[in-house]
Amino acid sequence: MPYVGRSFAKINLLLAVGPRRADGFHGLVTVYHAIDIAEDVQIAVASDGHDSLRFDGPVDTSGLSTGPDNLVWQAIELVAASTGQPRPPLEVTVTKRIPIQGGMAGGSADGAATLLAARDALAAPLDGSQLDALAAQLGSDVPFALHGGSAIGTGRGEVLELVSGPQLWWSVVTDASGLSTPRIYAHYDEMAARPGAAVIREPQRADAQPLVDALAAGDPHAIAPLLRNDLQAPAIEFAPHLADTIAAGREAGALAGIVSGSGPSVVLLSATRADADAVTRALREGGRQAVTAAGGATV
Ligand code: C5P
């Protein structure tokens, strides 16, 4: 019987990005929010004695590596190392629903779901904080992907403070072409170095407080004007049509719209599920790929 792990896509309700640090990462203050687009990972001991990784689900995974560089195997090796025992060959299946290079941390969700499934498959004695530490080694967004819900992220995103938030309704517009996260961060630095550009300051945890308070109060109308993404401007320079997508969603009645993470997915907030469905329908009629998603999903 296979062991299973599940993790969700994330969007950033706030993504305040500081200057590039000496280690190449950017200090940031973010408010993560999970939406109910799930990745599922199944792990079983291989019947043929060989490691294998296969994908299924609606996303085209033909460009993805199935080798040791995939975060799935990195997560498995971290869990296996924690047992102090050699691990058996494993058969892994990832059901992929989060777009690749979409700005919704699909790879990070694979890493998190794999940590959960591998812990059980290998009977690793890992508690929650040990899993969080392994997740931080895999990537900045992986600790959040272990939890879901809503959370403040600081450091490079890996230092988490879970916060309470309501279920929110989103129209999620995906894009056939992906954007590379390191490229968008690099473009953010380039834009900041342009003559006349505002000096980037180090974001503070307090920058998240108004949004955290609005989430606790639970009113989408109060949350909408506080959505902010510093990577939106560099993402739109790469993909100018994203600005049109946000405008189209607003015209269809969304309270607010932003690029998700480093893009190119765009998320539009509505007050109710019915409103979100109407926005999603209008975006589809305009030729875009859109789905309605519920925010606040927990693992
Ligand atoms: O942590 P993760 O592997 O997801 O990061 C991918 C890339 O995104 C990093 O190599 C870096 O270029 C960029 N990044 C960054 N600052 C962060 C998070 C990611 O510059 N806080």
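Just so you know, ligand 1 is whichever comes first in the structure, and atom 1 is the first atom listed for that ligand. Quick caveat: nothing in here was measured; it's all calculated off a predicted structure.
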Compare Ser140, Gly24, Gly261, Pro182 and give the one whose heavy atom is closest to atom 1 (O) of ligand 1.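 Nearest option to atom 1 (O) of ligand 1, by heavy atoms: Ser140.
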Q: Say whether Val4 and Val79 are linked into one hydrophobic cluster, either directly or through other cluster members, by side-chain heavy-atom distances under 4.5 angstrom.
A: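 Val4 does not cluster with Val79.
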Are Phe55 and Ile76 co-members of a hydrophobic cluster defined by side-chain heavy atoms under 4.5 Å apart?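 They do share one cluster, since a chain of ILVMFWY contacts under 4.5 Å joins Ile76 to Phe55.
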- Message: Taking atom OH as the centre, does Tyr3 end up with more than 12 heavy-atom neighbours from other residues, nucleotides or ligands that are less than 6.0 angstrom away?
- Response: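 Check fails, neighbour count at 12 or below.
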At less than 4.0 angstrom from any non-hydrogen atom of [X], what atoms of ligand 1 do you find?
| X | result |
| --- | --- |
| His26 | 15 (C), 16 (N), 17 (C), 20 (O), 21 (N) |
| Gly139 | 1 (O) |
| Arg156 | 17 (C), 18 (C), 21 (N) |
| Thr181 | 8 (O) |

Query raised in the report: N/O to N/O below 3.5 Å, does that happen between Ser108 and ligand 1?
Result: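 No, no N or O pair falls under 3.5 Å.
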For this session: Classify the contact between Tyr185 and ligand 1 as side chain, backbone, both or neither, using a heavy-atom distance cut-off of under 4.0 Å.
Result: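 Side chain only; the backbone of Tyr185 stays clear of ligand 1.
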Nearest heavy-atom pair of Ile223 and Leu168: which atoms, and what distance?
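It is CD1-CD2, 3.8 Å.
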- Query: Judged by atom type as modelled, is there a donor-acceptor pair below 3.5 Å linking the side chain of Ser180 to the main-chain atoms of Arg183?
  - Reply: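 Yes: the side chain of Ser180 pairs with the backbone of Arg183.
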- Measure the acute angle between the ring planes of Phe144 and Tyr32, then classify it against the limits of 30° and 60° as parallel, tilted or perpendicular.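 Ring orientation, 0 to 90° scale: parallel.
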With a 4.0 Å cut-off on heavy atoms, is Leu28 in contact with ligand 1?
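Right, Leu28 reaches ligand 1.
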Quiz prompt | Identity and separation of the nearest protein heavy atom to atom 5 (O) of ligand 1 | solution =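 That would be Phe25 CE2, 3.9 Å.
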Pairing of Glu77 and Arg87 as salt bridge, 4.0 angstrom limit:
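Salt bridge between Glu77 and Arg87, a charged N being under 4.0 Å from a carboxylate O: yes.
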